[in-house]
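Heads up: the structure comes next, in structure tokens.
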Amino acid sequence: MKNAVNDGGGAGVWSATGFRPGTKAGAGAGPGTGSPSGTPGGADGDTRDGEIWSGCWVAERLGVELVGDEGLGELLGLALRRNPKRAHLLVSHVLGKHIPQSPAVVYGYGFALGLRVRDLLGEDEARRAVVLGYAETATGLGHSVADGVGLAPCLHSTRRPVDGVARAGGFEESHSHATSHLLLPENPGLLAGDGPLVLVDDEFSTGNTVLNTIRDLHERYPRDRYVIVALVDMRSAADLGRLDDFAREIGAHVDLVTAASGTVRLPEGVLEKGQALVARYESEAEAPEAPEAQEAPEAQGAPVRPALRVELGWPAGIPDGGRHGFTPEHRVRLEGALPAMAARIADALPSDARRVLVLGFEELMYAPLRLGVALEKLTDAEVRYSTTTRSPVLAVDDPGYAIRTRLVFPAHDNPADGPGDRYAYNVAGAGFDAVVAVVDSTADTPELHAPDGLLARLSAHTPSVLLAVVPSYAPARPSAEPPTASPTVSSTERPFMLPEPLRGPEFSSYAPDEVGWLLQDLSDTKLEAPTEEREEAIQSGGAHYAESLPVEYQPSDAYQELFHNALAVSATRIAQAVGVVTETVLAERSPRPVLVSLARAGTPVGVLMRRWAQHRHGLDLPHYAVSIVRGRGIDANALRWLAAHHDPADVVFVDGWTGKGAITRELAQAVEEFEASDGITGFDPEIAVLADPGSCVRTYGTREDFLIPSACLNSTVSGLISRTVLRADLVGEHDYHGAKFYRELAAADVSVAFLDAVSDRFDAVDEAVDAQVKELLSTDRSPTWEGWAAVERISEEYGIHDVNLVKPGVGEATRVLLRRVPWKILARAGAGADLDHVRLLAEQRGVPVEEVAELPYTCVGLIHPKYTRGATGADGKAVSV
């Protein structure tokens with residue numbers, strides 16, 4: 001075993017006489033890791049009683065001492081509980097369980113520990129990891145650690161069995177009053193990988209819990225690495241070597257990451273003395289003439305007011321916590337929805353509330369914690385956070401004791417082990433103007449609302465009680481249908497983790513670092529249909545263009561020669577446009593953008609922009625390709641993956657060119673719908689393009705309509721990838737859109753040659769790019785949508801009456817000739833070599849080229865407006881309407 005060691009910068013002893021500096025020796029603290037980087041300062045424990053340590057009451061009566069890092073006493077106090085194995089209880093000031101604390105402080109400790117785990121593992125290993133928190137106290141802490149790691153799913157153990165969900169493991173917590181932990185991941189494979197397992201608990205004392213966990217899971221799912229994370233390492237000297245021995249026994253590497261370290265010095269006979277002390281105080285509290293120790297005396301006989309229910313608007317499909325697993329994709333969706341949910345709570349609070357408690361419920365710690373963090377940002381009130389618990393702890397109203405008051409109420413979630421008492425500590429008498437009780441829907445029962453239930457008990461101690469109910473997550477049941485070869489996704493299945501992007505050479509002829517394709521590989525599926533058959537089905541409304549593929553055009557020798565000639569002539573012009581659009585993005589959109597090209601025309605441009613950023617600035621920009629389909633929107637699962645791995649505000653969508661702006665409008669609408677459905681915000685729908693002849697966007701390399709050689713060909717200039725496919729029997733609800741990799745066309749592939757020809761001209765255009773960018777950044781580049789107006793005019797002048805059949809610009813006109821049934825090509829009078837390939841294709845297809853004097857584009861392709869297969873001659877050439 002290897003410990004991540006950081007001394008923490010000092011040591012001391014906390015005892016009945018207060019704090020005294022010292023050194024860690026003998027039975028002192030084991031190796032620790034110091035305070036987590038980025039942790040918010042000040043763990044005040046919310047006692048408001050000066051400098052009195054919240055453990056000195058126990059220390060004075062039992063002779064207990066806390067020995068360790070200098071900040072240890074700020075993190076921990078002491079209390080007593082009735083337990084035959086351990087009388088004392090370490091009470092954390094920053095866990096958010098027993099002591100109300102600022103939500104930002106609670107979340108900050110866990111998140112900072114997660115950042116350290118990510119640094120320890122590195123991003124590749126962190127992406128393969130799974131974070132496991134312990135019920136009930138560390139469910140929120142484990143989830144917060146997972147947020148800090150950022151790339152890994154999380155799970156927490158539970159004491160609540162769920163019908164229909166099989167156990168993936170279980171273990172015992174030897175010192176706890178309730179020992180059985182269940183592991184119930186919705187995805188049975190969540191724990192089956194061989195990546196690191198990160199185990200998170202509030203304290204690391206004997207190590208028994210961790211050993212039991214590792215022993216159980218290692219037998220089922222052996223792996224090479226474990227990371228133990230805890231707020232405090234409190235092992236005794238005798239326990240320090242146990243994990244080392246165990247790690248050697250199973251042949252695994254084990255790291256330890258903690259915020260502080262120390263140990264508890266216990267005098268002989270402390271267990272018996274502690275039990276006697278608990279028994280005496282509890283019997284005194286139960287005497288008829290004595291006030292209840294668990295409640296503030298001034299609350300006796302206070303009127304009970306009904307709780308005000310707040311509808312959170314919890315996002316559909318987002319788990320309430322990590323009981324069945326929580327993925328990075330879930331995290332991103334929740335992040336987007338939190339501000340609105342917190343605003344609903346803030347609106348429901350009394351206007352004069354100055355001190356507010358967000359109270360979670362047993363294992364439901366993460367959701368109320370995140371709501372508390374968001375609420376803290378919205379309101380001027382002092383917000384605190386804690387949760388109810390199963391754990392019985394003695395309450396003593398003394399500033400030197402960690403548990404000042406307790407509320408007792410019956411369990412209200414129909415627990416599997418039967419009814420029993422539950423507790424809320426340090427709530428009574430704490431002066432809260434409002435308490436927001438957050439429970440899951442399983443716990444929203446008559447017992448919760450009963451006269452002796454939690455809400456009534458809270459009402460006796462605060463003027464306002466609000467109730468927010470988070471829907472209990474129902475794991476998807478396995479499909480009852482037998483497995484088939486069909487790629488259709490059953491409606492009962494659920495995405496546990498979206499797949500990583502496809503990369504070359506397994507998918508596409510691009511280098512793996514040039515682009516990651518957020519697509520599914522449909523290479524083995526027959527998708528092609530004859531062009532005329534497709535056109536008839538599309539125009540008759542019988543099929544959508546994205547449900548099939550045209551037969552891939554095989555260029556003649558003459559046409560390939562035209563491509564290479566055009567590339568030689570235009571490479572410098574394209575290089576300059578690439579530089580201009582990239583520099584504009586870096587100046588206005590993000591200093592480290594995430595390039596997301598719209599497959600497939602945008603992908604060569606995205607690769608070139610990435611190369612420019614490397615050439616000019618040494619930046620290694622991530623680049624992905626996603627599918628967008630006119631009339632169907634962008635691939636929402638691809639957006640979810642992007643949001644889980646990058647800041648949406650850094651994403652810049654890239655396309656090759658604009659025509660009339662249909663895709664520009666499609667993307668804007670799709671992003672708006674995605675924000676509404678998923679609650680994820682931050683994506684900017686404005687596309688960055690190489691050429692914007694339609695004046696549809698602000699970010700472009702040029703607004704001239706010229707020949708971009710990558711528009712001359714199909715897959716053989718786009719990494720051998722087909723256009724994207726969206727068909728219900730192939731693309732399920734939780735699948736990426738599909739595409740094919742035409743490996744068989746490798747001999748004709750010019751994808752990399754095109755990229756190299758352009759990027760070879762980068763040095764030659766540096767100065768021209770700088771001058772053009774300077775001019776553009778000081779120019780009004782607001783879209784005028786001139787192209788759309790021109791298309792509408794052409795549609796009416798030529799009697800087409802459907803703008804979808806008018807394809808403006810050199811690139812779009814080329815596409816008409818390559819994969820639709822063309823009717824006419826309109827060419828600007830005097831257009832030269834930019835249209836050589838168009839004229840050749842038109843001649844091959846029998847399509848007339850009509851020169852037009854006043855045309856805002858170099859050329860416009862018109863799809864046959866009344867197409868049936870009878871509208872072509874026997875040779876397949878288009879004829880007049």
Side-chain angles (χ1 to χ4, degrees), residues 1-9 24 29-39 68-69 72 75 109-134 138 141-157 171 190-191 193-218 221-237 239-263:
M1 171 181 169
K2 180 181 178 181
N3 289 317
V5 178
N6 183 332
D7 181 72
K24 289 182 279 189
T33 57
S35 298
S37 174
T39 297
D69 292 340
L72 194 61
L75 296 180
Y109 267 88
F111 192 90
L113 287 168
L115 289 176
R116 289 174 50 202
V117 171
R118 180 168 174 166
D119 290 343
L120 176 70
L121 295 176
E123 288 206 3
D124 290 342
E125 283 293 279
R127 205 179 300 279
R128 298 173 59 239
V130 176
V131 179
L132 173 62
Y134 288 96
L141 177 63
H143 213 139
S144 302
V145 168
D147 285 357
V149 175
L151 307 172
C154 67
L155 177 72
H156 69 69
S157 64
F171 52 91
L190 185 63
L191 292 170
D194 57 1
L197 181 63
V198 181
L199 303 102
V200 183
D201 208 353
D202 57 320
E203 65 175 91
F204 189 52
S205 50
T206 65
N208 288 337
T209 302
V210 171
L211 289 179
N212 288 337
T213 307
I214 295 176
R215 192 183 306 279
D216 180 83
L217 292 177
H218 200 76
Y221 318 112
R223 63 189 75 231
D224 295 329
R225 190 168 194 179
Y226 296 88
V227 181
I228 314 302
V229 180
L231 288 171
V232 290
D233 174 8
M234 299 300 294
R235 290 174 295 167
S236 68
D239 289 323
L240 288 178
R242 294 182 64 201
L243 279 178
D244 298 275
D245 295 340
F246 186 74
R248 283 191 293 269
E249 176 188 331
I250 65 173
H253 185 94
V254 183
D255 291 284
L256 176 64
V257 176
T258 63
S261 63
T263 192

Rounding to 0.5 Å, atoms CG (L141) and CG (L231) come to a distance of 5.0 Å
Please report the shortest heavy-atom distance between A152 and A126, naming the atom on each side.
CB-O, 3.5 Å
To the nearest 0.5 Å, atom CG of L120 lies from atom CD of E125 at 10.0 Å
Between C154 and A146, what is the shortest heavy-atom contact and its length?
CB-CB, 3.5 Å
Is L243 close to Y226 at the side-chain level, that is, under 4.5 Å between some pair of heavy atoms?
no
Rounded distance [0.5 Å steps], CG in L132 versus CG in L217:
7.0 Å
Contacts of R118 meeting side-chain hydrogen bond (donor to acceptor under 3.5 Å, both in side chains) (sequence neighbours excluded), chain-then-number -> E123
Work out which heavy atom in S205 is nearest to a heavy atom in D239; give both atom names and the distance.
O-OD2, 4.0 Å
Side-chain contact test, heavy atoms from C-beta onward, threshold under 4.5 Å: evaluate it for V131 versus V227 and give yes or no.
no
Looking at every non-hydrogen atom in both residues, tell me the closest pair between L113 and A259 and how far apart they are.
CD2-N, 4.0 Å
V130 and Y221, any side-chain heavy atoms less than 4.5 Å apart:
no
Using the rule given for salt bridge (charged side-chain N to carboxylate O under 4.0 Å, His left out), can you reason through R127 versus D124, listing the C-alpha separation, both sets of side-chain angles and the distance that settles it, and then say yes or no?
CA-CA 5 Å; R127 205 179 300 279; D124 290 342; 5.1 Å; no
Could you check whether any side-chain N or O of R223 sits under 3.5 Å from a backbone N or O of L191, counting only pairs where one atom can act as donor and the other as acceptor?
yes
Identified side chain to side chain contact (heavy atoms under 4.5 Å, CB included) counterpart of V232 within the set L75, T263, D201, D202:
L75
How far does CG of L197 sit from CZ of R128, to the nearest 0.5 angstrom?
12.5 Å
Donor-acceptor under 3.5 Å (D255 side chain, V257 main chain):
no
Closest heavy-atom contact between V254 and A247?
CG2-CB, 3.7 Å
For the residue pair L199 and Y134, what are the closest heavy atoms and their distance?
CD2-OH, 3.3 Å
side-chain hydrogen bond (donor to acceptor under 3.5 Å, both in side chains) filter on D224, not counting sequence neighbours, yields none
Are the side chains of V229 and R116 in contact, using a 4.5 Å heavy-atom criterion?
no
Sorted by chain and number, sequence neighbours left out, side-chain hydrogen bond (donor to acceptor under 3.5 Å, both in side chains) with D119 holds for none
Is a side-chain N or O of R225 found less than 3.5 angstrom from the main chain of H253, in a donor-acceptor match?
no
